Amino acid sequence: MKLLLLLSLYSRTAIVHLFEWHSVDIISPPNENIIIDNPSRPWWERYQPVSCKICTRSGNEGEFQDMVMRCNNVGVEAIINHMCGSGHSAGTSSTCESYYDASDRDFPEVPYSGWDFKDGKCQTDSGEIQDYDAAAQVRNCRLSGLLDLALEKDYVHTTIANYMNHLIDIGVAGFRLDASKHMWPEDIKPILDKLNNLNTNWFAEGSRPFVYQEVIDLGGEPVSSTDYLGNGRVTEFKYGTKLGTVMCKWNGEKMAYLKNWGEGWGFMPSDRALVFVDNHDNQRGHGAGGASILTFWDARLYKMAVGFIPAHPYGFTRVMSSYHWPRYFEDGSDINDWVGPPNDNGVTKEVTINADTTCGNGWICEHRWRQIRNMVAFRNVVNGESFANWWDNDSNQVALGRGNKGNNDD
Ligand code: AAO
(Lines give C-alpha, C1' and ligand atoms only; values in the text may rest on other atoms or scores of the structure.)
Protein backbone atom coordinates (compact mmCIF):
# COMPACT_ATOMS: atom_id res chain seq x y z
CA MET A 1 0.00 0.00 0.00
CA LYS A 2 0.05 2.90 1.03
CA LEU A 3 -2.97 3.52 2.87
CA LEU A 4 -6.09 5.32 3.01
CA LEU A 5 -8.05 6.74 5.79
CA LEU A 6 -11.61 5.98 4.97
CA LEU A 7 -13.21 8.65 7.08
CA SER A 8 -16.33 7.51 8.82
CA LEU A 9 -17.40 5.58 5.83
CA TYR A 10 -20.92 4.92 6.76
CA SER A 11 -21.95 8.33 7.98
CA ARG A 12 -19.87 10.47 5.68
CA THR A 13 -19.22 10.76 2.02
CA ALA A 14 -15.50 11.45 1.70
CA ILE A 15 -12.22 9.68 2.28
CA VAL A 16 -8.66 10.93 2.58
CA HIS A 17 -5.75 9.17 0.93
CA LEU A 18 -2.92 9.58 3.44
CA PHE A 19 -0.07 8.62 1.17
CA GLU A 20 2.85 6.98 3.00
CA TRP A 21 1.70 8.06 6.47
CA HIS A 22 3.26 6.24 9.36
CA SER A 23 0.89 3.71 10.83
CA VAL A 24 1.22 4.95 14.40
CA ASP A 25 -0.11 8.26 13.13
CA ILE A 26 -2.53 6.83 10.68
CA ILE A 27 -2.66 4.19 8.06
CA SER A 28 0.15 2.51 6.26
CA PRO A 29 0.50 -0.13 3.62
CA PRO A 30 0.24 -3.07 5.74
CA ASN A 31 2.06 -5.96 4.09
CA GLU A 32 5.75 -6.67 3.70
CA ASN A 33 7.40 -5.38 0.54
CA ILE A 34 10.68 -5.58 -1.28
CA ILE A 35 13.37 -3.01 -0.43
CA ILE A 36 14.69 -1.12 -3.44
CA ASP A 37 18.12 0.48 -3.04
CA ASN A 38 18.47 2.03 -6.48
CA PRO A 39 16.88 4.54 -6.44
CA SER A 40 16.99 4.66 -2.67
CA ARG A 41 13.73 3.51 -1.05
CA PRO A 42 11.33 4.88 -3.70
CA TRP A 43 7.65 5.25 -2.72
CA TRP A 44 6.77 2.59 -5.30
CA GLU A 45 8.62 -0.25 -3.56
CA ARG A 46 5.45 -0.65 -1.51
CA TYR A 47 3.64 -1.89 -4.62
CA GLN A 48 5.91 -4.93 -4.68
CA PRO A 49 4.71 -7.27 -1.93
CA VAL A 50 6.67 -10.35 -0.85
CA SER A 51 4.48 -11.67 1.97
CA CYS A 52 1.22 -11.11 3.86
CA LYS A 53 3.01 -10.13 7.07
CA ILE A 54 1.98 -6.73 8.36
CA CYS A 55 5.39 -5.14 8.46
CA THR A 56 6.57 -2.16 6.41
CA ARG A 57 8.51 1.02 6.91
CA SER A 58 5.31 2.50 8.33
CA GLY A 59 5.25 0.02 11.17
CA ASN A 60 4.74 -3.53 12.38
CA GLU A 61 1.51 -5.39 13.15
CA GLY A 62 1.29 -4.07 16.73
CA GLU A 63 1.63 -0.47 15.58
CA PHE A 64 -0.87 -1.06 12.79
CA GLN A 65 -3.39 -2.53 15.25
CA ASP A 66 -2.87 0.40 17.57
CA MET A 67 -3.58 2.85 14.76
CA VAL A 68 -6.68 0.98 13.62
CA MET A 69 -8.04 0.90 17.15
CA ARG A 70 -7.44 4.59 17.70
CA CYS A 71 -9.09 5.73 14.49
CA ASN A 72 -11.57 3.09 13.57
CA ASN A 73 -12.39 4.04 10.01
CA VAL A 74 -9.18 3.02 8.38
CA GLY A 75 -8.93 1.47 4.98
CA VAL A 76 -5.87 -0.01 3.39
CA GLU A 77 -4.57 -0.46 -0.06
CA ALA A 78 -4.62 -4.10 -1.11
CA ILE A 79 -2.02 -5.14 -3.69
CA ILE A 80 -3.54 -8.42 -4.82
CA ASN A 81 -2.87 -8.47 -8.57
CA HIS A 82 0.81 -9.26 -8.22
CA MET A 83 3.86 -9.80 -6.08
CA CYS A 84 7.20 -8.04 -6.67
CA GLY A 85 9.11 -7.67 -9.93
CA SER A 86 10.19 -10.94 -11.55
CA GLY A 87 13.90 -10.19 -11.57
CA HIS A 88 14.62 -10.24 -7.86
CA SER A 89 16.50 -13.39 -6.92
CA ALA A 90 17.14 -14.80 -3.44
CA GLY A 91 18.99 -12.39 -1.20
CA THR A 92 17.13 -9.22 -2.17
CA SER A 93 16.02 -7.57 1.03
CA SER A 94 12.49 -6.95 2.28
CA THR A 95 10.93 -4.90 5.04
CA CYS A 96 10.52 -7.84 7.44
CA GLU A 97 13.42 -9.97 6.27
CA SER A 98 11.26 -12.75 4.84
CA TYR A 99 13.04 -15.00 2.38
CA TYR A 100 11.80 -15.02 -1.23
CA ASP A 101 13.16 -15.68 -4.68
CA ALA A 102 11.07 -13.91 -7.31
CA SER A 103 13.12 -15.26 -10.20
CA ASP A 104 12.04 -18.75 -9.03
CA ARG A 105 8.46 -17.63 -8.11
CA ASP A 106 9.14 -18.74 -4.56
CA PHE A 107 7.45 -16.87 -1.69
CA PRO A 108 7.49 -19.44 1.16
CA GLU A 109 6.17 -16.99 3.76
CA VAL A 110 2.75 -16.83 2.01
CA PRO A 111 3.32 -19.52 0.59
CA TYR A 112 3.20 -19.03 -3.21
CA SER A 113 5.14 -21.05 -5.76
CA GLY A 114 5.30 -21.23 -9.57
CA TRP A 115 1.76 -22.75 -9.69
CA ASP A 116 0.26 -19.58 -8.33
CA PHE A 117 1.25 -17.23 -11.14
CA LYS A 118 -0.32 -16.57 -14.51
CA ASP A 119 2.78 -17.21 -16.63
CA GLY A 120 1.11 -19.90 -18.78
CA LYS A 121 -1.82 -17.70 -19.73
CA CYS A 122 0.02 -14.69 -21.08
CA GLN A 123 0.40 -14.79 -24.85
CA THR A 124 3.04 -12.11 -25.35
CA ASP A 125 6.67 -13.07 -26.06
CA SER A 126 7.97 -11.01 -23.17
CA GLY A 127 5.28 -12.05 -20.67
CA GLU A 128 4.57 -8.33 -20.27
CA ILE A 129 1.54 -6.23 -21.17
CA GLN A 130 2.60 -4.81 -24.52
CA ASP A 131 -0.66 -3.53 -25.90
CA TYR A 132 -3.49 -1.98 -23.90
CA ASP A 133 -5.75 -2.56 -26.91
CA ALA A 134 -5.73 -6.28 -26.14
CA ALA A 135 -7.93 -6.93 -23.10
CA ALA A 136 -6.61 -10.45 -22.44
CA GLN A 137 -3.03 -9.17 -22.28
CA VAL A 138 -4.02 -6.46 -19.84
CA ARG A 139 -5.45 -9.12 -17.52
CA ASN A 140 -3.13 -12.09 -18.11
CA CYS A 141 0.29 -10.55 -18.57
CA ARG A 142 2.62 -8.73 -16.21
CA LEU A 143 2.18 -5.06 -15.42
CA SER A 144 5.67 -3.49 -15.40
CA GLY A 145 7.41 -6.82 -14.77
CA LEU A 146 5.38 -7.54 -11.61
CA LEU A 147 4.69 -11.27 -11.08
CA ASP A 148 1.02 -11.75 -11.99
CA LEU A 149 -0.98 -13.83 -9.52
CA ALA A 150 -3.35 -16.51 -10.87
CA LEU A 151 -6.45 -15.17 -9.16
CA GLU A 152 -8.65 -17.67 -10.96
CA LYS A 153 -7.21 -20.40 -8.71
CA ASP A 154 -9.09 -21.16 -5.55
CA TYR A 155 -5.89 -21.38 -3.52
CA VAL A 156 -4.79 -17.91 -4.64
CA HIS A 157 -8.05 -16.09 -4.10
CA THR A 158 -8.58 -17.86 -0.78
CA THR A 159 -5.09 -16.83 0.37
CA ILE A 160 -5.83 -13.23 -0.57
CA ALA A 161 -9.23 -13.27 1.14
CA ASN A 162 -7.61 -14.69 4.29
CA TYR A 163 -5.12 -11.83 4.29
CA MET A 164 -7.88 -9.24 3.82
CA ASN A 165 -10.00 -10.91 6.50
CA HIS A 166 -7.07 -10.70 8.91
CA LEU A 167 -7.09 -6.94 8.31
CA ILE A 168 -10.88 -6.76 8.70
CA ASP A 169 -10.67 -8.64 11.98
CA ILE A 170 -8.09 -6.12 13.23
CA GLY A 171 -10.71 -3.45 12.48
CA VAL A 172 -9.98 -2.24 8.96
CA ALA A 173 -13.05 -0.76 7.26
CA GLY A 174 -12.22 -0.88 3.57
CA PHE A 175 -9.85 -1.47 0.71
CA ARG A 176 -8.54 0.17 -2.45
CA LEU A 177 -7.97 -2.72 -4.85
CA ASP A 178 -4.83 -1.72 -6.70
CA ALA A 179 -4.46 -2.51 -10.41
CA SER A 180 -8.00 -3.93 -10.69
CA LYS A 181 -7.87 -3.32 -14.42
CA HIS A 182 -5.28 -6.08 -14.58
CA MET A 183 -7.55 -8.63 -12.91
CA TRP A 184 -10.63 -10.18 -14.51
CA PRO A 185 -13.72 -8.77 -12.75
CA GLU A 186 -15.00 -12.31 -12.26
CA ASP A 187 -11.78 -13.20 -10.42
CA ILE A 188 -12.22 -10.26 -8.04
CA LYS A 189 -15.77 -11.27 -7.13
CA PRO A 190 -14.94 -14.54 -5.30
CA ILE A 191 -12.47 -12.63 -3.14
CA LEU A 192 -15.08 -10.03 -2.21
CA ASP A 193 -17.64 -12.76 -1.56
CA LYS A 194 -15.26 -14.37 0.94
CA LEU A 195 -14.69 -11.20 2.96
CA ASN A 196 -15.94 -11.11 6.53
CA ASN A 197 -18.35 -8.51 7.82
CA LEU A 198 -16.63 -5.67 9.65
CA ASN A 199 -15.52 -6.10 13.23
CA THR A 200 -18.51 -5.49 15.52
CA ASN A 201 -16.27 -3.85 18.14
CA TRP A 202 -16.57 -0.76 15.97
CA PHE A 203 -19.17 -1.37 13.27
CA ALA A 204 -22.82 -2.32 13.20
CA GLU A 205 -23.61 -6.02 12.86
CA GLY A 206 -23.58 -7.07 9.21
CA SER A 207 -21.56 -4.08 7.91
CA ARG A 208 -19.66 -4.90 4.73
CA PRO A 209 -16.19 -3.55 3.89
CA PHE A 210 -16.05 -0.47 1.66
CA VAL A 211 -14.21 -1.47 -1.51
CA TYR A 212 -13.17 0.48 -4.56
CA GLN A 213 -11.34 -0.78 -7.58
CA GLU A 214 -8.54 1.12 -9.31
CA VAL A 215 -9.33 1.01 -13.02
CA ILE A 216 -7.82 3.65 -15.30
CA ASP A 217 -10.33 4.27 -18.08
CA LEU A 218 -10.02 7.52 -19.99
CA GLY A 219 -11.79 5.94 -22.96
CA GLY A 220 -10.37 4.34 -26.05
CA GLU A 221 -9.26 1.00 -24.55
CA PRO A 222 -11.21 -2.28 -24.55
CA VAL A 223 -10.99 -2.68 -20.77
CA SER A 224 -13.69 -0.41 -19.42
CA SER A 225 -14.50 0.73 -15.92
CA THR A 226 -18.06 -0.49 -16.53
CA ASP A 227 -16.75 -4.09 -16.53
CA TYR A 228 -16.17 -3.67 -12.79
CA LEU A 229 -19.36 -1.95 -11.63
CA GLY A 230 -20.87 -5.27 -10.54
CA ASN A 231 -18.16 -5.57 -7.88
CA GLY A 232 -18.69 -2.14 -6.33
CA ARG A 233 -17.14 1.28 -6.64
CA VAL A 234 -14.59 2.10 -9.32
CA THR A 235 -12.18 5.01 -9.73
CA GLU A 236 -13.45 7.60 -12.24
CA PHE A 237 -10.21 8.95 -13.72
CA LYS A 238 -12.06 11.08 -16.28
CA TYR A 239 -13.20 13.28 -13.39
CA GLY A 240 -9.79 14.76 -12.43
CA THR A 241 -8.58 14.92 -16.01
CA LYS A 242 -11.61 16.89 -17.19
CA LEU A 243 -12.01 19.06 -14.10
CA GLY A 244 -8.35 20.09 -14.44
CA THR A 245 -8.93 21.00 -18.08
CA VAL A 246 -11.89 23.17 -17.08
CA MET A 247 -10.04 24.89 -14.24
CA CYS A 248 -7.10 25.62 -16.54
CA LYS A 249 -9.53 26.90 -19.23
CA TRP A 250 -7.88 24.66 -21.78
CA ASN A 251 -9.54 23.44 -24.99
CA GLY A 252 -12.16 26.19 -24.77
CA GLU A 253 -13.53 24.72 -21.53
CA LYS A 254 -15.26 26.93 -18.98
CA MET A 255 -16.96 26.37 -15.66
CA ALA A 256 -20.39 27.13 -17.10
CA TYR A 257 -20.12 23.75 -18.87
CA LEU A 258 -20.12 22.03 -15.48
CA LYS A 259 -23.91 22.45 -15.38
CA ASN A 260 -24.39 18.79 -16.40
CA TRP A 261 -21.23 17.52 -14.64
CA GLY A 262 -21.28 13.80 -13.89
CA GLU A 263 -23.01 11.22 -16.06
CA GLY A 264 -23.69 14.06 -18.53
CA TRP A 265 -19.96 14.19 -19.19
CA GLY A 266 -19.78 10.47 -19.95
CA PHE A 267 -18.81 9.39 -16.43
CA MET A 268 -19.95 6.14 -14.85
CA PRO A 269 -23.10 6.12 -12.65
CA SER A 270 -22.67 8.34 -9.61
CA ASP A 271 -23.38 5.58 -7.10
CA ARG A 272 -20.41 3.59 -8.40
CA ALA A 273 -17.88 6.39 -8.86
CA LEU A 274 -14.91 7.14 -6.61
CA VAL A 275 -13.79 10.64 -7.55
CA PHE A 276 -10.70 12.75 -6.93
CA VAL A 277 -8.62 15.50 -8.50
CA ASP A 278 -5.24 13.76 -8.33
CA ASN A 279 -3.76 10.58 -6.93
CA HIS A 280 -0.31 9.45 -5.79
CA ASP A 281 0.51 8.31 -9.35
CA ASN A 282 -0.62 11.17 -11.53
CA GLN A 283 0.63 13.89 -9.16
CA ARG A 284 4.12 12.74 -10.21
CA GLY A 285 3.64 11.59 -13.82
CA HIS A 286 2.75 7.92 -13.22
CA GLY A 287 -0.56 6.33 -14.18
CA ALA A 288 -2.83 8.44 -16.33
CA GLY A 289 -4.26 11.88 -16.74
CA GLY A 290 -1.46 13.99 -18.16
CA ALA A 291 -0.81 17.70 -17.88
CA SER A 292 -4.32 18.71 -16.81
CA ILE A 293 -4.02 16.96 -13.44
CA LEU A 294 -3.99 19.61 -10.72
CA THR A 295 -1.97 19.02 -7.56
CA PHE A 296 -0.91 20.85 -4.40
CA TRP A 297 1.88 22.36 -6.50
CA ASP A 298 -0.82 24.54 -8.16
CA ALA A 299 -2.41 25.47 -4.84
CA ARG A 300 -4.94 28.08 -5.98
CA LEU A 301 -6.46 26.08 -8.83
CA TYR A 302 -6.20 22.94 -6.75
CA LYS A 303 -8.30 24.39 -3.94
CA MET A 304 -10.94 25.46 -6.46
CA ALA A 305 -11.04 22.01 -8.03
CA VAL A 306 -11.02 20.03 -4.77
CA GLY A 307 -13.55 22.47 -3.32
CA PHE A 308 -15.88 21.84 -6.23
CA ILE A 309 -15.97 18.07 -5.71
CA PRO A 310 -17.73 18.06 -2.34
CA ALA A 311 -20.07 20.87 -3.46
CA HIS A 312 -21.34 18.61 -6.24
CA PRO A 313 -23.35 15.47 -5.48
CA TYR A 314 -21.62 13.23 -8.05
CA GLY A 315 -19.62 10.26 -6.75
CA PHE A 316 -17.89 9.33 -3.52
CA THR A 317 -15.17 11.91 -2.83
CA ARG A 318 -11.53 11.14 -2.10
CA VAL A 319 -9.15 13.89 -1.00
CA MET A 320 -5.42 13.43 -1.52
CA SER A 321 -2.94 14.00 1.30
CA SER A 322 0.63 14.23 0.08
CA TYR A 323 4.19 14.91 1.14
CA HIS A 324 6.64 17.40 -0.26
CA TRP A 325 9.55 16.26 -2.42
CA PRO A 326 12.03 17.90 -4.81
CA ARG A 327 9.77 17.91 -7.84
CA TYR A 328 12.35 18.14 -10.61
CA PHE A 329 15.87 16.82 -11.05
CA GLU A 330 18.51 19.46 -10.36
CA ASP A 331 19.10 20.15 -14.04
CA GLY A 332 15.33 20.65 -14.41
CA SER A 333 15.21 17.96 -17.08
CA ASP A 334 12.43 15.80 -15.76
CA ILE A 335 10.05 15.06 -12.89
CA ASN A 336 11.73 13.47 -9.92
CA ASP A 337 9.04 10.81 -9.80
CA TRP A 338 10.40 8.27 -7.33
CA VAL A 339 11.23 10.11 -4.09
CA GLY A 340 9.77 8.46 -0.99
CA PRO A 341 8.22 10.10 2.08
CA PRO A 342 10.03 12.58 4.34
CA ASN A 343 12.58 10.59 6.34
CA ASP A 344 15.66 10.60 8.51
CA ASN A 345 18.04 8.01 7.11
CA GLY A 346 15.16 5.92 5.83
CA VAL A 347 12.93 6.27 8.92
CA THR A 348 9.66 7.95 7.92
CA LYS A 349 9.20 11.23 9.74
CA GLU A 350 6.28 11.80 12.05
CA VAL A 351 3.39 13.90 10.79
CA THR A 352 3.56 16.90 13.10
CA ILE A 353 0.76 19.47 13.42
CA ASN A 354 1.68 23.16 13.50
CA ALA A 355 0.00 25.78 15.68
CA ASP A 356 -2.06 26.95 12.69
CA THR A 357 -3.32 23.34 12.20
CA THR A 358 -1.28 22.70 9.04
CA CYS A 359 1.23 19.83 8.98
CA GLY A 360 4.99 19.98 9.46
CA ASN A 361 7.99 17.75 8.70
CA GLY A 362 7.38 17.88 4.94
CA TRP A 363 3.80 16.60 5.01
CA ILE A 364 1.43 18.66 2.87
CA CYS A 365 -1.89 17.51 4.40
CA GLU A 366 -4.16 18.99 1.74
CA HIS A 367 -7.08 17.54 3.72
CA ARG A 368 -6.29 20.08 6.47
CA TRP A 369 -6.30 23.09 4.13
CA ARG A 370 -9.13 25.30 5.33
CA GLN A 371 -11.02 25.49 2.04
CA ILE A 372 -10.83 21.73 1.47
CA ARG A 373 -11.63 20.76 5.06
CA ASN A 374 -14.65 23.05 5.14
CA MET A 375 -16.01 21.80 1.83
CA VAL A 376 -15.73 18.17 2.96
CA ALA A 377 -17.67 19.12 6.10
CA PHE A 378 -20.25 20.83 3.87
CA ARG A 379 -20.74 17.70 1.80
CA ASN A 380 -21.21 15.56 4.87
CA VAL A 381 -23.99 17.89 5.99
CA VAL A 382 -25.77 18.18 2.64
CA ASN A 383 -25.41 14.52 1.70
CA GLY A 384 -28.64 13.38 0.03
CA GLU A 385 -29.80 16.91 -0.82
CA SER A 386 -30.37 17.42 -4.49
CA PHE A 387 -28.42 19.60 -6.85
CA ALA A 388 -30.44 22.81 -7.41
CA ASN A 389 -30.52 26.43 -8.60
CA TRP A 390 -27.60 26.29 -10.99
CA TRP A 391 -26.45 29.73 -12.12
CA ASP A 392 -23.61 30.72 -14.39
CA ASN A 393 -22.50 33.79 -16.33
CA ASP A 394 -21.80 31.70 -19.43
CA SER A 395 -18.16 31.89 -18.50
CA ASN A 396 -16.25 30.94 -15.33
CA GLN A 397 -18.56 32.09 -12.57
CA VAL A 398 -20.99 29.49 -11.32
CA ALA A 399 -23.25 28.89 -8.33
CA LEU A 400 -25.33 25.94 -7.24
CA GLY A 401 -27.53 24.99 -4.32
CA ARG A 402 -27.80 21.85 -2.20
CA GLY A 403 -30.96 22.32 -0.19
CA ASN A 404 -31.15 24.07 3.18
CA LYS A 405 -29.02 21.98 5.53
CA GLY A 406 -25.69 23.55 4.65
CA ASN A 407 -26.48 27.04 5.97
CA ASN A 408 -23.89 28.16 8.47
CA ASP A 409 -26.05 30.51 10.50
CA ASP A 410 -26.02 28.66 13.82
C1 AAO B 1 8.44 -0.07 -10.68
C2 AAO B 1 9.30 0.60 -11.72
C3 AAO B 1 9.17 -0.14 -13.04
C4 AAO B 1 9.53 -1.61 -12.84
C5 AAO B 1 8.64 -2.19 -11.76
C6 AAO B 1 8.98 -3.65 -11.42
O7 AAO B 1 8.91 1.97 -11.87
O8 AAO B 1 10.08 0.45 -13.97
O9 AAO B 1 9.30 -2.31 -14.04
O10 AAO B 1 8.78 -1.43 -10.56
O11 AAO B 1 10.29 -3.75 -10.99
C12 AAO B 1 3.82 1.78 -8.90
C13 AAO B 1 4.63 2.67 -9.81
C14 AAO B 1 5.45 1.85 -10.80
C15 AAO B 1 6.26 0.80 -10.07
C16 AAO B 1 5.27 -0.11 -9.35
C17 AAO B 1 5.94 -1.26 -8.59
O18 AAO B 1 3.78 3.55 -10.50
O19 AAO B 1 6.34 2.75 -11.47
O20 AAO B 1 7.03 0.05 -11.01
O21 AAO B 1 4.59 0.70 -8.35
O22 AAO B 1 6.89 -0.80 -7.71
C23 AAO B 1 -1.12 1.32 -15.16
C24 AAO B 1 -2.08 0.48 -14.34
C25 AAO B 1 -2.40 1.07 -12.98
C26 AAO B 1 -1.14 1.52 -12.25
C27 AAO B 1 -0.42 2.51 -13.16
C28 AAO B 1 0.87 3.03 -12.54
O29 AAO B 1 -3.27 0.23 -15.06
O30 AAO B 1 -3.04 0.08 -12.21
O31 AAO B 1 -0.04 1.82 -14.38
N32 AAO B 1 -1.46 2.08 -10.93
C33 AAO B 1 -1.34 1.23 -9.71
C34 AAO B 1 -0.77 2.04 -8.56
C35 AAO B 1 0.69 2.35 -8.82
C36 AAO B 1 1.50 1.05 -8.86
C37 AAO B 1 0.76 -0.07 -9.46
C38 AAO B 1 -0.55 0.01 -9.88
C39 AAO B 1 1.41 -1.40 -9.40
O40 AAO B 1 -1.54 3.16 -8.33
O41 AAO B 1 1.23 3.23 -7.88
O42 AAO B 1 2.72 1.25 -9.63
O43 AAO B 1 1.08 -1.93 -8.11
C44 AAO B 1 -2.25 3.74 -19.70
C45 AAO B 1 -3.21 2.71 -19.19
C46 AAO B 1 -3.19 2.62 -17.70
C47 AAO B 1 -1.78 2.45 -17.18
C48 AAO B 1 -0.96 3.65 -17.70
C49 AAO B 1 0.49 3.62 -17.21
O50 AAO B 1 -2.73 5.05 -19.36
O51 AAO B 1 -4.51 3.03 -19.62
O52 AAO B 1 -3.96 1.50 -17.30
O53 AAO B 1 -1.79 2.44 -15.75
O54 AAO B 1 -0.97 3.61 -19.12
O55 AAO B 1 1.15 2.55 -17.76
C56 AAO B 1 -2.93 8.72 -21.31
C57 AAO B 1 -3.96 7.65 -21.61
C58 AAO B 1 -4.00 6.65 -20.48
C59 AAO B 1 -2.67 6.03 -20.40
C60 AAO B 1 -1.70 7.16 -20.10
C61 AAO B 1 -0.29 6.70 -19.97
O62 AAO B 1 -3.27 9.49 -20.17
O63 AAO B 1 -5.21 8.25 -21.72
O64 AAO B 1 -4.96 5.64 -20.67
O65 AAO B 1 -1.71 8.11 -21.13
O66 AAO B 1 0.13 6.14 -21.17
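Each residue takes its place number in the sequence, starting with 1. Each ligand, and each atom within it, is numbered from 1 in the order the structure gives. Both backbone and side-chain heavy atoms feed into the values below; hydrogens, waters and symmetry mates do not. In this text the structure is predicted, and so the values were computed from the model without any measurement.
- Among the atoms of Glu221, some N or O lies under 3.5 angstrom from an N or O of ligand 1.
- Using the six-membered ring where Trp is involved, Trp261 and Trp265 have ring planes that are perpendicular, over 60° apart on the 30 and 60° scheme.
- Asp169 and Asn196 are linked by a side-chain donor-acceptor pair at a separation below 3.5 angstrom, with hydrogens and angles left out of the test.
- The closest approach between any non-hydrogen atom of Gly145 and ligand 1 is not below 4.0 Å.
- For Gln283 and Thr295, the side-chain atoms include no donor-acceptor pair closer than 3.5 Å.
- Using a distance-only test at 3.5 Å, with no hydrogens or angles considered, no donor-acceptor pair links the side chain of Ser40 to the main chain of Asp37.
- When non-hydrogen atoms are compared, ligand 1 lies under 4.0 Å from neither the backbone nor the side chain of Trp338.
- Taking a 4.0 Å cut-off on heavy atoms, Arg46 fails to register as neighbouring ligand 1.
- Checking Glu214 against His182 by side-chain atom types alone, no donor-acceptor pair falls below 3.5 Å.
- Gln213 and Thr235 form no side-chain donor-acceptor contact under 3.5 Å, judged by distance and modelled atom types alone.
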(request) Could you give me the CA-CA distance, side-chain angles and deciding distance for Phe267 and Tyr314, then say whether ring pair (Phe, Tyr, Trp, His ring centres under 6.0 Å) is met? (result) CA-CA 10 Å; Phe267 302 167; Tyr314 179 84; 5.7 Å; yes

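- Taking all heavy atoms of Gln213, His82, Glu214 into account, the minimum distance to atom 25 (C) of ligand 1 is reached by Glu214.
- Checking only distances, His88 never comes within under 3.5 Å of ligand 1, N or O to N or O.
- Within the 4.0 Å heavy-atom criterion, the part of Trp43 lying near ligand 1 is the side chain and not the backbone.
- In this structure, Arg176 has a heavy atom closer than 4.0 Å to ligand 1.
- Backbone and side-chain nitrogen or oxygen atoms of His286 are examined, and one is located within less than 3.5 angstrom of a nitrogen or oxygen of ligand 1.
- Under the 3.5 Å distance criterion, the side-chain polar atoms of Tyr323 are left unmatched by any main-chain donor or acceptor of Ile364.
- Which parts of ligand 1 touch His280 is read off a 4.0 Å heavy-atom cut-off, strictly below it: atoms 34 (C), 35 (C), 40 (O), 41 (O).
- Every atom of ligand 1 is numbered from 1 in the order shown, and the set under 4.0 Å from a heavy atom of His182 is 24 (C), 29 (O), 30 (O).
- The aromatic rings of His280 and Tyr47 sit parallel to each other, their planes meeting at less than 30°, with 60° as the upper class boundary.
- Between the side chains of Arg208 and Asn197, at least one donor N or O sits under 3.5 Å from an acceptor N or O.
- For ligand 1, the atoms closer than 4.0 angstrom to any heavy atom of Gly289 are 62 (O).
- With ligand atoms numbered from 1 in the order given, ligand 1 contributes 4 (C), 5 (C), 6 (C), 9 (O) to contacts under 4.0 Å with heavy atoms of Ser144.
- Closest heavy-atom approach to atom 31 (O) of ligand 1 within the set Leu177, Thr235, Leu143: this belongs to Leu143.
- For ligand 1 and Lys181, the ligand atoms under 4.0 Å from any heavy atom of the residue are 29 (O), 45 (C), 46 (C), 51 (O), 52 (O).
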